[in-house]
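One structure is given here, and the rest of the page talks about it.
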Amino acid sequence: MAIAFRKKKMDSRFWWQIFLAFAMAPAGARSQSTDAIGFLSIDCGLEPGSSYVDPLTNISYVSDVGFIDTGVNRNISVAYMVDVRARRYLTLRAFPNGTRNCYTIRSSAVARGSKYLLRAWFFYGNYDGLSGQPQSFHLHLGVNYWDRVNVTTAESSYRTEIIAVATAGYLSVCLVNTGTGTPFISGIDLRPLRDSLYPAANERRSLVLFSRWNLGEEADYVRYPADPVDRVWMPWSFSSQRNWNDVSTNSTVENVPGDFFGAPSVVMQTAVTPINSSILVLAWDPVPGDVNQFFPILHISEIFNLSGTNQSRQFSYYVNGLRTLGNIVTPPYLYADAVYGEVPLPSFPTYNISLEALSNSTLPPILNAFELYVTMSNTSVPSDAGDVDAMTVIKERYQIQRNWMGDPCSPIAFVWDGLNCTYSFSNSPRVTALNLSSSGLIGEITKSVASLSALQYLDLSYNNLTGSIPDDLANLNSLKLLDLTGNQLNGSVPSNLLEMAQNGLLTLRLDGNPHLCNNGTSCNVMPAPKKKKISTPVVVILCIFPVLILLALIAIVWRVRKTQGLRRGGLVNPSNGFLKQTDNALQLENRQFTFMELLNITNNFQKILGKGGFGSVFHGHLEDGTQVAVKLLSQSSSQGTKEFLAEAQHLTRVHHRNLVSLVGYCNEVNHLALVYEFMSQGTLQDHLRGRANSARALSWRQRLQMAIDSARGFE
Ligand SMILES: *[C@@H]1O[C@H](CO)[C@@H](O)[C@H](O)[C@H]1NC(C)=O
Ligand SMILES: *[C@@H]1O[C@H](CO)[C@@H](O)[C@H](O)[C@H]1NC(C)=O
Ligand SMILES: *[C@@H]1O[C@H](CO)[C@@H](O)[C@H](O)[C@H]1NC(C)=O
Ligand SMILES: *[C@@H]1O[C@H](CO)[C@@H](O)[C@H](O)[C@H]1NC(C)=O
Ligand SMILES: *[C@@H]1O[C@H](CO)[C@@H](O)[C@H](O)[C@H]1NC(C)=O
């Protein structure tokens with residue numbers, strides 16, 4: 001950046017418009033309080049938990065721990081510590097790993113729709129001992145480019161400011177490695193601004209500071225508390241150079257209420273005027289290669305009392321020699337006034353603004369302060385707010401340490417690992433796939449996953465997830481794949497998910513969850529609890545209220561009663577435990593048996609126990625001696641494979657101590673079978689009739705209780 005003051009002849013064309021913001025207020029009205037609440041000042045690299053009060057500004061600085069979970073803390077080298085102006089420069093955080101590393105400022109510090117001044121500080125101080133190697137990297141605010149940091153010497157320090165409206169309930173400051181050195185940062189300041197300040201900054205456009213000068217001032221720069229919003233006003237005195245006068249007053253310069261810029265009095269009390277000339281010129285060059293849209297603000301106030309004198313001060317202003325409409329300024333006495341555009345300047349190869357006294361003005365132009373911003377269009381759209389919130393919870397819940405910083409989907413170059421997103425012109429990006437396979441997740445499946453409402457693929461396989469599968473997952477209308485393989489989930493699979501799977505909408509993978517069923521006693525390979533063997537093998541009921549079995553089976557049979565006799569082909573997929581029926585993918589958590597195994601278990605279907613709706617039931621022994629009942633779907637069965645699958649599915653879902661449990665199944669072309677726990681104490685009928693061999697008949701009290709329990713079960 002270069003600022004120079006030159007003289008210039010006038011020209012009069014109308015190109016763009018600068019509006020004069022100018023009003024007089026009732027005497028004595030003060031617009032701004034100096035309330036510091038809402039300031040957040042982060043000293044990057046400071047030890048966790050520590051904080052201090054900066055002696056120059058009385059502002060408290062806190063450690064950056066809690067705002068970021070990546071990067072390494074570094075101290076600047078001892079050689080540079082002596083001359084350091086501020087303590088925040090002594091430490092920094094560097095980011096040797098990852099392309100994008102982000103600080104996230106949330107909680108009470110940021111409110112959606114509010115305006116903020118954000119400032120980042122960089123002091124290299126040869127912290128890495130590589131002094132001399134230029135380091136350059138980018139800074140992003142959220143999903144949009146903010147600035148480029150270019151450090152060329154060990155003494156290099158850099159400060160950049162942005163005025164932005166928070167488009168979400170958080171702000172993220174991201175350092176982006178551009179392949180030209182390790183990004184690092186020394187400090188971050190967040191200052192809330194009134195909505196009315198800097199009206200050119202809005203949700204679609206932020207203002208990045210190019211320069212801010214307190215003209216006519218020789219001493220130190222101005223910050224808080226002199227400036228209640230803690231802008232940094234750099235001093236620039238021209239008395240020693242060119243033909244400019246430094247002028248000043250001791251009187252307070254006021255702001256009108258609702259002032260657009262709130263320039264502090266101490267800044268407005270000093271100014272410059274040209275000597276022996278009626279023209280004052282400001283000039284600057286854009287950074288080569290940057291497409292900058294400049295947004296200048298001229299702060300102007302009369303600091304001499306001209307009333308009662310025959311003096312007058314009036315001037316007009318020109319941009320690159322172009323006259324603008326309504327451009328006559330009469331600076332108000334001891335009130336801060338400003339000249340600024342509502343739109344950025346058109347592009348020029350080089351810029352100048354000239355203030356030129358009117359011919360009837362006895363005094364030359366005056367200029368108290370000057371701010372120059374470049375506009376930053378918020379062109380990248382942040383991800384859907386609901387998705388961001390959900391991903392934030394997921395990240396914190398499972399303590400995920402990946403590149404999960406900043407916006408999950410945006411910009412596209414920095415999508416979080418394990419996510420897929422969709423992008424469209426009109427809508428915010430949405431998360432469509434979340435893959436946290438083998439990510440060491442511990443604990444329950446957070447319900448926030450179900451808030452990712454555009455999710456199509458969810459892979460949580462091979463983690464240590466416990467607890468049950470949240471019902472809410474079925475609210476994910478677009479969900480096509482749910483992979484929960486290899487976890488420690490328990491409870492039963494929500495019926496609505498099973499339904500989706502059955503309707504062919506969802507591929508459900510649940511293998512390798514040994515406890516996925518109520519109280520873990522009834523699924524999968526686990527041998528049924530050993531029961532006292534009775535010498536005469538009869539199908540017997542052990543349960544206290546076994547009528548529930550009947551009722552459940554009746555319910556199943558009733559639900560699926562149809563005349564659809566034959567199995568269809570294409571049901572074979574023995575390797576992965578999926579039953580595939582046309583497009584349906586149904587998974588059973590139980591053991592899968594081959595038909596050959598069933599032959600062995602039942603000793604060639606030697607002992608028949610009874611006949612059911614699907615066919616005959618045979619007695620058998622597993623390898624470990626556990627007795628089982630094998631229900632074989634007969635070729636002539638009036639019920640088809642669909643009903644068979646439905647029964648299997650219901651049995652994996654419905655678990656109760658009074659219900660017989662499913663041990664496994666066989667799923668081969670032409671051979672469908674269900675393998676149940678064997679009830680060794682006789683049939684329910686025997687118990688009801690009281691003529692079982694050794695079992696005694698049920699008492700009336702037990703019968704009554706069974707009836708009540710059954711009724712409850714149905715209800
Ligand atoms: C920085 O300096 C402090 C005090 O001199 C020391 O305690 C700390 O360990 C240093 N940190 C690093 C990362 O070297
Ligand atoms: C950084 O600054 C140096 C010196 O001004 C310049 O040569 C170099 O090109 C700059 N690097 C970038 C990436 O802007
Ligand atoms: C200001 O800009 C105009 C247009 O680019 C140019 O003709 C003029 O010489 C410039 N004035 C000064 C003082 O640089
Ligand atoms: C100076 O002239 C302008 C028009 O050129 C006029 O508007 C203004 O009132 C005059 N100022 C004084 C102090 O006479
Ligand atoms: C998830 O990631 C793992 C490992 O990168 C991969 O094997 C698996 O196929 C992915 N899952 C999906 C649904 O893409």
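Here the structure is a predicted model, which is why all the values come from computation and not from measurement. Atoms within a ligand are numbered from 1 in the order they appear, just like the ligands themselves.
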Tabulating one pair per line, provide the atom names and distances (0.1 Å) for every N/O atom of ligand 1 that is less than 3.5 Å from a protein N/O atom.
| from | atom 1 | to | atom 2 | distance (Å) |
| --- | --- | --- | --- | --- |
| ligand 1 | 2 (O) | Asn75 | ND2 | 2.3 |
| ligand 1 | 11 (N) | Asn75 | ND2 | 2.9 |
| ligand 1 | 14 (O) | Asn75 | ND2 | 3.3 |

> Which atoms of ligand 2 have any heavy atom of Arg148 under 4.0 Å away?
Replying inline: 14 (O)
>> For the aromatic rings, using the six-membered ring if either is Trp, is the centroid distance between Tyr224 and Phe39 under 6.0 Å?
In response: yes
> Touching ligand 2 at all, Thr152? Heavy atoms, strictly under 4.0 Å?
Replying inline: yes
> Who pairs with Lys395 by salt bridge (Lys or Arg N to Asp or Glu O under 4.0 Å), at least two apart in sequence or on another chain?
Replying inline: Asp69
> Taking only residues two or more places apart in sequence or in another chain, which ones pass side chain to side chain contact (heavy atoms under 4.5 Å, CB included) with Pro364?
Replying inline: Thr273, Pro274, Arg313
> Do the non-hydrogen side-chain atoms of Phe294 and Tyr373 ever get within less than 4.5 Å of each other?
Replying inline: no
>> Could you walk me through whether Arg402 and Asp417 satisfy the salt bridge (charged side-chain N to carboxylate O under 4.0 Å, His left out) test, starting with their C-alpha distance in whole Å, then the side-chain angles of each, then the deciding distance to 0.1 Å, before giving a yes or no?
In response: CA-CA 7 Å; Arg402 295 191 181 183; Asp417 283 345; 5.5 Å; no
>> Below a 4.0 angstrom heavy-atom separation, can you tell me which part of Asn352, side chain or backbone, both or neither, approaches ligand 3?
In response: side chain
> Is there any side-chain hydrogen bond (donor to acceptor under 3.5 Å, both in side chains) pair reaching into residues 70-79, and which pairs are they, with sequence neighbours excluded?
Replying inline: Thr70-Asn101, Asn73-Arg93
>> Distance check, rounded to the nearest 0.5 Å: Arg223 atom CZ versus Arg119 atom CZ?
In response: 4.5 Å
